[in-house]
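Take a look at the structure below.
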There are 2 protein chains.
Amino acid sequence: MKQVLEPESLSSPAITSPQNFHALEVESIDLFVRIAQFIGFPKSYGEIYGLLFTSSNPLSLDDICARLNMSKGSASQGLKALRGVHAVKITYVPGDRRDRFELEGNIRLLMQGFIQERLEPGIRDLGMRIESLSLKVNDLQNGEKKRYNDRLGKLRNWHKQAQKIMPAVERLLGG
Amino acid sequence: MKQVLEPESLSSPAITSPQNFHALEVESIDLFVRIAQFIGFPKSYGEIYGLLFTSSNPLSLDDICARLNMSKGSASQGLKALRGVHAVKITYVPGDRRDRFELEGNIRLLMQGFIQERLEPGIRDLGMRIESLSLKVNDLQNGEKKRYNDRLGKLRNWHKQAQKIMPAVERLLGG
DNA sequence: CACTTTGTTCAATATTTTTTGAACAAAATA
DNA sequence: TATTTTGTTCAAAAAATATTGAACAAAGTG
């Protein structure tokens with residue numbers, strides 16, 4: 001029943017021997033490490049994603065630990081987070097008890113997850129803070145109040161623009 | 001010649017006594033600390049920006065250190081970085097030897113700096129990496145090549161969209 | 001010129017974040 | 001049932017990042 005090949009075309013047993021990467025694999029993983037850092041994820045997340053990107057078949061937790069020389073804890077946490085942003089999914093391989101992990105088909109899903117779970121809440125939170133400030137400015141004397149309101153006005157305006165562009169960002173990058 | 005008032009309406013000498021913040025000031029600074037963290041700046045940068053946001057007049061390096069209870073080194077570095085993204089500028093106050101720092105009038109300038117000096121180079125770098133990968137994929141066997149190209153194609157496509165939306169982002173947030 | 005004031009730099013320190021690995025729980029096996 | 005296999009959690013260790021502070025250079029002052 002278990003017809004899943006060991007990863008890549010190497011003859012050495014993938015689970016016990018770590019590393020052994022093609023130049024191409026290294027470069028792929030490197031790319032996703034950068035992307036991870038770019039959006040504020042730990043680089044181990046990028047490594048995992050990169051490894052799955054290069055892999056032609058779903059990998060188990062142990063595969064990932066072994067090939068990336070990474071602890072089970074890290075791999076587990078990373079996979080959990082990546083699943084959280086829909087970057088990775090679990091595949092059930094009949095006849096194998098272990099979970100197998102692979103990429104969600106589309107990079108857009110990852111971006112959608114990132115936008116919806118990080119970017120948008122962040123912007124919403126800023127909006128609430130700006131509103132809260134705006135309310136409290138009323139307690140100031142007139143001169144101070146005006147000056148403060150000027151600056152807050154610009155900030156509020158900027159925030160409005162940020163909200164305005166979000167749907168387009170989401171449509172293009174995650175739609 | 002020196003007609004710059006001490007910051008805020010407090011009677012205590014601003015330079016020697018740290019803290020002494022209004023609730024409003026605390027909340028403002030807090031807001032900008034969040035914004036800083038949001039875009040990956042150290043929180044000290046946010047503190048400085050927030051303090052300048054609340055201040056009705058340009059502050060000296062020492063003012064900033066004293067009020068934020070922050071070392072000269074941090075303040076100096078933070079101001080340098082903030083000037084780098086056009087968030088803060090130096091004002092010369094005749095009769096005062098010290099530099100005085102204040103916000104650039106427009107938050108848009110900050111965003112422009114951030115977009116141009118962080119976001120865009122990051123995206124450009126990703127593009128180069130993706131291209132480099134694409135070239136090397138040619139060395140693979142046919143099956144592998146196809147699979148890799150499929151995934152890379154999606155990635156490249158996504159990157160194209162990211163580039164496409166950048167001008168709009170820049171126009172709305174930093175224009 | 002010697003002395004002060006001001007801002008910068010960078011090695012050392014402190015803080016924050018990430019990673020590890022051992023303990024644990026859940027589920028499968030025998 | 002006891003044993004193994006698998007994945008998660010979280011306190012502790014390691015690594016990365018930010019902050020400090022003392023040494024320094026540049027420019028002003030007397």
Side-chain angles (χ1 to χ4, degrees), chain A residues 1-2 4 15-16 18 29 32-34 36-49 51-52 58-84 88-102 118, chain B residues 1-2 4 15-16 18 29 32-52 58-84 88-102 118:
Chain A
M1 266 290 191
K2 185 199 290 203
V4 177
I15 294 184
T16 53
I29 294 175
F32 287 103
V33 167
R34 307 281 175 157
Q37 288 173 329
F38 192 65
I39 66 181
F41 277 1
K43 83 172 183 180
S44 63
Y45 295 13
E47 292 180 296
I48 295 171
Y49 192 92
L51 178 63
L52 294 176
L59 300 181
S60 74
L61 186 68
D62 287 328
D63 293 338
I64 293 167
C65 295
R67 301 218 66 215
L68 293 174
N69 199 23
M70 173 186 289
S71 71
K72 257 201 328 169
S74 260
S76 174
Q77 282 184 198
L79 286 165
K80 186 178 173 186
L82 288 170
R83 261 147 54 209
V88 164
K89 67 182 174 190
I90 297 182
T91 314
Y92 284 103
V93 173
D96 189 350
R97 242 167 81 189
R98 292 171 301 175
D99 292 343
R100 295 291 189 129
F101 300 93
E102 64 180 346
R118 291 235 178 184
Chain B
M1 266 289 191
K2 181 192 312 200
V4 177
I15 294 182
T16 53
I29 294 175
F32 288 102
V33 167
R34 308 280 175 158
I35 294 180
Q37 289 174 329
F38 192 65
I39 66 182
F41 277 2
K43 82 173 183 180
S44 63
Y45 295 13
E47 291 181 296
I48 295 171
Y49 192 93
L51 178 62
L52 294 176
L59 301 181
S60 74
L61 187 69
D62 286 328
D63 293 339
I64 293 168
C65 296
R67 299 216 68 213
L68 293 174
N69 200 23
M70 172 186 290
S71 73
K72 259 204 320 174
S74 260
S76 176
Q77 282 184 201
L79 286 165
K80 185 179 173 186
L82 288 169
R83 259 147 55 208
V88 163
K89 68 182 172 189
I90 297 183
T91 313
Y92 284 104
V93 173
D96 189 350
R97 244 166 79 188
R98 292 170 301 175
D99 292 342
R100 295 294 189 125
F101 301 92
E102 64 180 342
R118 293 237 178 180

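All figures in this text were calculated on a predicted structure; none of them were measured in a lab. The basis for the numbers below is simple: all heavy atoms, side chains too, and nothing from hydrogens, waters or symmetry mates. The sequence lines fix the lettering, A, B, ..., with proteins before strands; numbering per chain opens at 1.
- By the side-chain contact (heavy atoms from CB on, under 4.5 Å) test, A:F38 is found to be paired with B:L119, B:I123, residues two or more places apart in sequence or in another chain being considered.
- Atom CG in A:D96 sits roughly 13 Å away from atom P in D:dT5 (whole-Å rounding).
- In terms of polar N and O atoms assigned as donor or acceptor, the side chain of A:R98 never comes within less than 3.5 Å of the base of D:dT6 in a complementary pairing.
- Between the CZ atom in B:R67 and the CD1 atom in B:I48 there is a gap of 14.0 Å [rounded to 0.5 Å].
- As rounded to whole Å, 16 Å separates atom P of C:dA26 from atom CG of A:D99.
- In this structure, CZ of B:R97 is placed 9 Å from P of D:dG30, rounded to the nearest angstrom.
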Between protein and nucleic acid, restricted to nucleotides 18-20 of chain D and to nitrogen or oxygen atoms under 3.5 Å apart, what atom pairs and distances do you find?
from   : atom 1 : to    : atom 2 : distance (Å)
D:dT19 : OP1    : B:S44 : N      : 3.4
D:dT19 : OP2    : B:S44 : OG     : 2.6
D:dT20 : OP2    : B:S71 : N      : 3.1
D:dT20 : OP2    : B:S71 : OG     : 3.2
D:dT20 : OP2    : B:S74 : OG     : 3.1

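- The CD1 atom of A:I90 sits 10 Å away from the C1' atom of D:dG7 (whole-angstrom rounding).
- Atom CG of B:L61 is separated from atom P of D:dA26 by 18 Å (rounded to the nearest Å).
- Atoms CG (A:L79) and C1' (C:dT20) sit 16 Å apart, rounded to a whole Å.
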Test side-chain contact (heavy atoms from CB on, under 4.5 Å) applied to A:Y45 and A:V33, step by step: CA-CA 7 Å; A:Y45 295 13; A:V33 167; over 6 Å; no
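- Atom-to-atom distance recorded for A:L79:CG and A:D99:CG is 9.5 Å, nearest 0.5 angstrom.
- What separates CD of B:Q37 from P of C:dT15 is a distance of 16 Å, to the nearest Å.
- Distance CZ/A:R98 to CD1/A:I90: 13.5 Å, rounded to 0.5 Å.
- Residues meeting the side chain to side chain donor-acceptor pair (under 3.5 Å) test with B:Q37, sequence neighbours left out: none.
- The distance between atom CD1 of B:I39 and atom C1' of D:dT17, rounded to the nearest whole Å, is 17 Å.
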